[in-house]
Structure formats: C-alpha cells, structure tokens
Amino acid sequence: MTNSAASETKPEVVIELKQMNKWYGDFHVLKELNLTVTKGEKIVVCGPSGSGKSTMIRCINRLEEHQAGQIIVSGTELTEDLKAINEVRSHVGMCFQHFNLFPHLTVLQNCCLAPIWVKKIPQAEAEKIAMKFLERVKIPEQADKYPGQLSGGQQQRVAIARSLCMNPEIMLFDEPTSALDPEMVREVLDVMVELAEEGMTMICVTHEMGFAKQVADRVIFMDRGEIIEENVPTEFFDNPQSDRTKLFLSQILNH
Amino acid sequence: MTVHEFKPDLAPPTSARGVVGWLKYNLFNGPVNSIFTLLLIYLVIPPLLSAFQWIFIDADFIGDSRDACTSDGACWVFISSRFEQLIYGFYPSEERWRVNIVFVSFALIIAGLIWPKTPQKTKLAIFSLVIYPIIVFYLLIGDSFGLAKVDTHQWGGLMLTLTLAVVGIVAALPFGILLALGRRSDMPIIRSFSTIYIEFWRAVPLITVLFMASVMLPLFVGSEVDFDKLMRALIGIIMFQSAYMAEVIRGGLQAIPKGQYEAGEALGLNYWQSTGLIILPQALKITIPSIVNTFIALFKDTSLVLIIGLFDLLAIGQSALADPAWLGFSTEMYVFVAFVFWVFCFGMSRYSVYLENKLHTGH
C-alpha cells in the first residue's frame with residue numbers, strides 16, 4: 001500500500017469534495033459527499049447502478065453541475081466560472097463507457113485535436129506526442145484508421161491515449177470496460193494498470209474487482225447517492241464493515 | 001488435447017454470376033416476377049421509343065424559321081433561334097462576353113472544388129466565397145472599370161436562374177447553420193429568436209414572400225429608397241430558404257450522441273471549437289441528402305420569381321411561346337427548359353452521392 005500517512009511530508013491533495021450535493025430536479029442524487037484524493041492515489045468506485053458513482057466523477061470535471069458544497073481540483077474550485085472549469089478540465093482526463101471517439105476523424109486526428117486547438121501545439125509536434133501515446137497503448141499501427149474500423153478494446157485504448165495527449169494530472173474512468181466484449185477487457189485493463197504503476201492519479205468507476213484488488217489504494221462503495229464504505233482493498237473485500245457492502249459483494253462475486 | 005482445424009475460406013458459388021445469372025436472379029425469379037418484368041417492358045419500352053423518335057430521329061435541328069420544321073418530330077430550330085435569350089435574357093448582346101467569363105470561371109471553380117486533388121483547396125474555397133462574388137458583381141453590373149452599366153432588370157434566362165440559385169444556396173447554408181445552432185442554444189433570447197424566425201418563414205409560401213418583397217416593401221420603406229428588384233427577390237429567397245435549411249441541419253444536430261459533446265468538453269474544447277470541429281462535421285455529413293434536397297428545391301423554386309416580373313429561364317421560355325412566328329411549339333420549349341433544370345439538379349444529386357461515399361468512415 002502506498003498510504004503515506006506515516007511519512008513526514010503531507011501528500012499533496014489534488015481532489016477534494018466537501019459536503020457535495022447534487023439534485024436532478026427534485027431527485028437528490030448525491031448526498032453530502034466527502035472525499036479527499038492525494039497525488040498518485042488510485043481510487044476505485046463501485047456500487048449498484050443508479051448509486052450516483054458516475055454522476056460523482058462527472059462532477060469532478062463539471063460535465064455535471066453540483067448544487068451545494070465544494071469541489072476543489074488541483075487547488076481550483078469548480079464554480080459557474082468558465083475559466084475555472086476550463087482550468088480544471090485541462091488537468092483532468094476522462095474515459096467514457098462508450099469511448100466517445102470522434103467517428104469522422106482518424107485515430108491520430110482524434111488524439112491531436114485537443115492539443116492543437118486547446119493547447120495550441122503545432123501540428124507536427126502534436127502528432128509526435130500522439131504517436132508516443134498510441135505506442136504506449138500498443139496501437140501505433142492503427143493511427144490512420146477511423147474509430148469505426150477498430151474493435152471495442154482498441155477504441156477504448158485510443159480514448160485513453162487521446163486523454164493522455166493532454167498531459168493530465170488526474171484520470172477519470174467511467175466504467176471503461178462495461179461496454180466491451182469479454183475478450184477485450186484484459187487489454188484495456190492492462191493499459192490502465194500500466195498507467196497506475198507510472199503514478200497517475202486515478203478515479204475509476206468499475207466492476208472489475210480483480211483490477212481493484214491489483215491497483216487500488218482505496219475502494220469506495222456507493223449506494224443511493226451516499227458513500228457507504230471507504231477502505232483499502234484487502235479490508236474492503238475480506239472484511240466489509242457495512243451489511244449493504246456485504247450484500248453487494250456477495251452478489252457480484254458469486255455469480 | 002485436440003488441435004482444432006479451422007475450415008479454409010472458399011469462393012462463393014457461381015450460380016448468381018454473369019449477365020444471365022443476374023437476369024435470372026433479378027428479373028425472372030419465379031413466374032410472378034417474370035410476368036411483372038414482361039408487363040413493365042411492354043409498358044415502358046414503346047413510349048421511350050416514340051419519345052426517342054420525336055426528340056432525335058424525326059426532329060429538325062437546322063434552319064432559322066419555322067419553315068425548316070417539316071417533319072413530324074421536334075422542332076429544335078425554335079430553341080436555337082431563341083438560344084441566346086434563354087441564356088442571357090435581355091443582357092445587351094455586345095456585353096455578353098462578361099456573362100461568358102462568369103460562366104466559364106464559375107465552372108472552373110466548381111470543377112476545382114469538386115476535383116479531389118486540387119492543390120490549396122482551402123485557399124480556392126476562401127477566394128470563391130469572398131473575392132470571387134465581388135469580381136462577379138462588378139463584372140455583371142458594370143458601371144465601373146470602364147464597363148457599361150447593365151441594370152439587373154436586363155438580366156434574365158439561365159444566368160438569372162443561376163444567380164438566384166447560387167447566391168441563395170451559398171447564403172442559406174451558413175444562415176441555416178446559425179439558426180439551427182441558435183434554436184438549440186441554452187440562451188433563451190437567442191433560442192426564442194431563432195425559433196420564431198424559423199417558424200415564421202417556414203409558415204409562409206415562397207410566392208407570398210416574393211410578392212411581399214416586391215410590392216409591400218416599397219410601401220413600408222417609402223418609394224424614395226429604390227431597392228433593386230433582384231436584390232429584394234434574393235433577400236426573400238435567402239430568408240425563406242435559411243429557415244428550411246435550419247430545420248434540416250437541426251435534425252442532424254439532434255442525431256449526434258450526447259457523448260460527442262461530453263468528449264469535447266472533457267478535452268477542454270470550448271463551444272465554438274467543439275461545434276465546428278466535432279459536432280457540425282458529423283451533423284452536416286448525415287444531413288447531406290436532405291441539404292441537397294433543399295438545394296434542389298431552391299433551384300427549382302427560383303422560377304417563381306416570374307410573378308414579380310423577373311425573367312428567369314422558364315419565364316423567358318414562356319414569353320417566347322407568345323411569339324406569333326413560333327406558335328404551336330410549346331412542347332419543345334418546355335422539354336428544353338425541363339432538360340436544363342434536370343441537368344443542374346441531377347448534377348447536384350450525383351455530387352451528393354459521391355460526397356456521402358467519400359465521407360463514409362464506418363466499416
């Protein structure tokens with residue numbers, strides 16, 4: 001475990017949720033969430049569908065608005081202020097369940113688009129960076145293909161490379177393997193494990209419990225908009241504290 | 001452990017190949033199909049043959065008066081004697097070289113834009129959208145650079161039809177895009193303005209719009225302001241068509257999954273960047289058939305300007321029918337006018353098919 005509470009220097013806090021609440025109309029989706037993530041930490045978020053786990057991480061880069069409480073990412077608080085939002089988004093990469101690659105652009109163009117237009121990097125340099133990350137996710141040979149010509153696993157790896165091209169400090173993964181054929185899950189998880197080993201700060205919504213055991217520093221269990229339990233993986237899986245967690249684990253592990 | 005042997009790939013069966021195979025499979029596939037095939041051949045072939053005979057075999061092509069038309073077929077002499085008027089309208093004959101320059105340069109630009117290997121296509125596109133219209137404007141109107149002035153009421157025929165259609169198409173598309181984006185905007189004022197605009201212009205017939213532009217507008221703004229009649233018609237057409245275009249494009253925008261917007265946002269692109277780079281390219285691609293459909297409708301709708309006294313191709317053709325020297329040849333004129341319209345509309349249609357295939361990036 002990399003929990004460095006014992007060490008002298010305090011680890012740098014990169015994400016902080018304080019008493020965060022969100023409603024969809026009258027429906028209270030997220031209730032009083034508190035969460036602190038330090039640099040390099042890997043958090044796995046799990047829970048039944050509708051528990052608000054995706055909504056929570058989507059609040060962290062303001063794809064969803066929160067209505068009460070605070071979200072502070074890399075020292076910037078998320079408010080209505082567009083500058084603050086863009087500032088946060090430039091530090092935070094995100095991968096989606098359905099990849100959301102741009103189908104009208106090639107793999108390489110997908111990766112270069114944001115560096116060229118947001119970071120104003122010259123095209124040649126952006127392509128060099130993109131090829132570097134495509135090599136890291138092991139598909140440089142697909143650079144000139146269109147997303148529609150790739151398998152699901154390859155598309156998700158392109159999506160990860162596309163996020164990495166913006167050089168993010170934090171990566172958010174919203175069920176990155178849920179839409180994949182079983183044979184393709186491994187190749188995506190391998191890339192994510194590698195990324196974790198390189199020290200990337202990650203928050204990952206997933207049901208891949210093997211991945212959670214392998215890389216997570218903490219596992220968070222959510223239900224009905226609340227964080228029910230938060231613990232290191234060994235404790236979380238072997239000795240769950242709440243009965244709700246026990247029920248959930250028995251349902252997903254014994255099928 | 002047994003090693004599984006995969007079956008080798010085989011060629012498909014040959015029974016469905018070749019001309020005979022194709023005929024058998026598509027036209028004479030069972031008794032009902034065969035009867036329909038024969039019935040259709042019986043119904044379609046004889047009219048086609050007699051039309052062919054009328055247009056080509058029995059037709060008269062050479063001569064300069066109706067006396068040259070002695071056979072039973074079409075009298076194309078009528079068209080050739082009126083040809084210049086059909087193309088240039090009442091544009092003075094000694095100035096028609098100016099129109100010819102525009103025709104040729106326009107054709108070259110279109111060819112340059114369509115041909116896939118044109119170098120510096122972006123520059124050509126910018127030139128043709130920004131500088132070229134100004135050159136054409138001064139070339140056709142004249143009254144400067146030593147060119148004689150040709151009033152727009154002297155314009156007519158094909159050149160007028162093309163002017164109305166091209167300006168209408170080129171202007172309606174960007175306005176339509178802005179209106180479509182406006183109607184989906186989060187800002188209430190922009191959204192309601194766009195909605196009201198679209199719903200108003202879509203709800204009135206084009207004839208009414210043209211009539212209002214030509215008759216009512218001078219009443220409102222006072223007769224001392226002399227708006228050009230062609231300009232008024234153009235503004236009416238653009239206003240009207242951009243509302244239609246907006247709804248077509250809005251359909252495309254609605255078909256783009258929410259995830260595309262979110263991916264753009266998550267990467268830090270701002271509204272205009274993600275709209276211009278991610279959303280619009282996809283929305284326009286899927287709406288190409290409907291956009292071209294609207295263009296084709298616009299092209300043909302230009303003939304409605306005859307009700308406000310502008311002589312487009314159809315109006316010139318109709319006025320020629322009233323010539324006592326050529327009474328009785330209305331069929332030839334209408335067939336010719338229809339053929340010219342068909343050539344342009346069919347061209348647009350084929351180009352849209354080509355574009356769709358070229359932009360198809362799926363499997």
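Lettering of chains follows the sequences in order, A, B, ..., and the numbering in each one begins at 1. Everything numeric here is computed off the predicted structure, so don't read it as measured data.
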Proximity breakdown for A:His98 and chain B, heavy-atom pairs closer than 4.5 Å: neither
Under 4.5 Å from a heavy atom of chain B, the part of A:Leu101 involved: backbone
A:Phe102 portion near chain B, given a 4.5 angstrom heavy-atom threshold: both
Any donor-acceptor N or O pair under 3.5 Å, side chains A:Asp174, A:Ser54: yes
A:Met56 and A:Leu35, any side-chain heavy atoms less than 4.5 Å apart: yes
Charged N-O contact under 4.0 Å between A:Lys119 and A:Glu125: no
Part of A:Val88 within contact of chain B (heavy atom distance under 4.5 Å): neither
Distance-only donor-acceptor check, side chains A:Glu87 and A:His91, under 3.5 Å: yes
Main-chain N/O of B:Leu124 paired with B:Tyr132 side-chain donor or acceptor, under 3.5 Å: no
Contacting moiety of B:Glu265, where chain A heavy atoms sit under 4.5 Å: both
For chain B, the option from A:Arg58, A:Met166, A:Met94 that forms the most heavy-atom pairs under 4.5 Å: A:Arg58
